[in-house]
Structures are given as C-alpha cells and as structure tokens.
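Remarks on the structure that follows.
No hydrogens, no waters, no symmetry mates; every other heavy atom, side chains included, goes into these values.
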Amino acid sequence: MTTGEHQIKPRRGMSMAFKANASRSLAGIPATVIDIWPRFRSGDYLVTLEYATPVPFRKTLIRHIDAFVTELDLVEPAQVALPTANLQRAWRRTMSRPR
C-alpha cells in the first residue's frame with residue numbers, strides 16, 4: 001500500500017482488503033483495521049483486520065486475521081457498504097467442498 005514513494009501509515013478504523021496476489025480467497029473483501037502492531041525493521045506494519053461477518057478461509061470461517069500492510073489495499077467507503085462478489089464466490093466455494 002504505497003502512494004508514490006512512501007507507505008501510508010495505517011490507522012484504526014481504516015477499511016482495507018487483501019490484494020489478489022496476496023490472498024486469492026480474501027481479495028477484495030473489506031475489513032476494518034482494529035489493531036496496529038509496532039513497525040517491523042523492514043518498514044512494514046502488521047495490522048489486525050476484522051470482518052463485519054464471518055468470512056470463509058481455508059475450510060473455516062474467520063472474523064479476524066493479521067496481515068502486513070503491503071499485502072493490503074485501501075477500500076473506498078462506497079465499496080465497504082456493498083456486498084462483494086468475491087465474498088459470495090468464496091462462501092459458495094467453501095460451502096460446496098466435501099467435509
């Protein structure tokens with residue numbers, strides 16, 4: 001998540017989503033930053049994301065996940081209010097898998 005040449009500092013309450021190359025199953029699904037860990041030596045921040053509703057991930061449903069800011073994109077406020085097609089596809093994939 002960079003603008004020009006510098007990384008944007010994350011803030012609690014920001015809406016973010018995984019980039020497609022970071023997590024195909026969670027890409028584009030908006031989540032809220034609820035915690036920010038100390039900055040790593042690499043300069044990257046680790047944040048804790050919270051999803052508004054449980055999200056299917058690796059044969060289970062999750063509400064929270066930690067991620068590096070470089071794996072994430074900012075989500076516009078208008079996108080957060082709309083249900084995402086990615087979430088619907090991920091839900092169908094997870095529920096259709098044999099257990």
Side-chain angles (χ1 to χ4, degrees):
M1 182 182 77
T2 59
T3 58
E5 296 182 16
H6 73 283
Q7 186 181 48
I8 296 172
K9 185 175 179 180
R11 294 184 320 270
R12 284 183 179 87
M14 282 179 125
S15 294
M16 304 183 89
F18 276 93
K19 295 177 182 177
N21 62 353
S23 175
R24 207 172 43 196
S25 60
L26 296 175
I29 303 172
T32 304
V33 174
I34 60 167
D35 203 3
I36 303 165
W37 299 89
R39 195 172 195 171
F40 280 68
R41 288 185 181 171
S42 66
D44 203 358
Y45 288 95
L46 183 69
V47 297
T48 301
L49 299 175
E50 180 178 61
Y51 292 97
T53 59
V55 175
F57 183 67
R58 296 185 183 167
K59 299 183 182 181
T60 188
L61 296 174
I62 62 169
R63 287 285 310 260
H64 300 95
I65 191 166
D66 293 332
F68 286 106
V69 172
T70 53
E71 300 176 299
L72 306 170
D73 281 327
L74 284 173
V75 177
E76 297 298 323
Q79 292 174 320
V80 173
L82 300 173
T84 65
N86 286 343
L87 178 56
Q88 293 168 353
R89 279 193 300 273
W91 181 260
R92 282 192 296 261
R93 271 196 317 269
T94 301
M95 294 300 118
S96 65
R97 290 182 187 151
R99 296 195 182 232

Would a hydrophobic clustering, with Ile, Leu, Val, Met, Phe, Trp and Tyr connected at side-chain separations under 4.5 Å, put Phe57 with Leu46?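 Cluster IDs for Phe57 and Leu46 differ.
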State plainly whether one hydrophobic cluster holds both Ile65 and Leu74, where clusters connect Ile, Leu, Val, Met, Phe, Trp and Tyr through side-chain heavy atoms under 4.5 angstrom apart.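 Linked within one cluster.
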Joining Ile, Leu, Val, Met, Phe, Trp and Tyr whenever any side-chain heavy atoms lie under 4.5 Å apart, the cluster holding Ile34 also takes in none
Holding to salt bridge (charged side-chain N to carboxylate O under 4.0 Å, His left out), I want the full list of residues that pass it with Arg39, two or more places apart in sequence or in another chain. none
Should Leu49 and Val33 be marked as a side-chain contact (heavy atoms from CB on, under 4.5 Å) after you check the CA-CA gap, both sets of side-chain angles, and the distance that decides it? CA-CA 5 Å; Leu49 299 175; Val33 174; 3.8 Å; yes
Please, which pairs that meet ring-ring contact (aromatic ring centres under 6.0 Å, His included) have at least one residue in residues 20-43, sequence neighbours excluded? Phe40-Phe68
ring-ring contact (aromatic ring centres under 6.0 Å, His included) contacts touching residues 11-30 (sequence neighbours left out): none
Shortest non-hydrogen pair, Tyr51 vs Pro30, comes out as CD2-O, 3.4 Å
Give me the atom names and distance for the closest heavy-atom approach of Pro10 to Val69.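 Scanning both residues completely, I find the closest heavy atoms to be CG-CG2, 3.8 Å.
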Met16 side, atom CE; Glu71 side, atom CD - distance, nearest 0.5 Å: 10.5 Å
Contact check, side chains of Lys19 and Leu72, non-hydrogen atoms, under 4.5 Å: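 No - every pair of side-chain heavy atoms lies 4.5 Å or more apart.
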Counterpart residues, side-chain hydrogen bond (donor to acceptor under 3.5 Å, both in side chains), relative to [X] (two or more places apart):
| X | result |
| --- | --- |
| Arg63 | none |
| Asn21 | none |
| Asp44 | Gln7, Thr70 |

For Ala17, check side chain to side chain contact (heavy atoms under 4.5 Å, CB included) against everything at least two apart and list the hits. Val75
Quick one: do Thr32 and Met14 satisfy side-chain contact (heavy atoms from CB on, under 4.5 Å)? Show the steps, please. CA-CA 6 Å; Thr32 304; Met14 282 179 125; over 6 Å; no
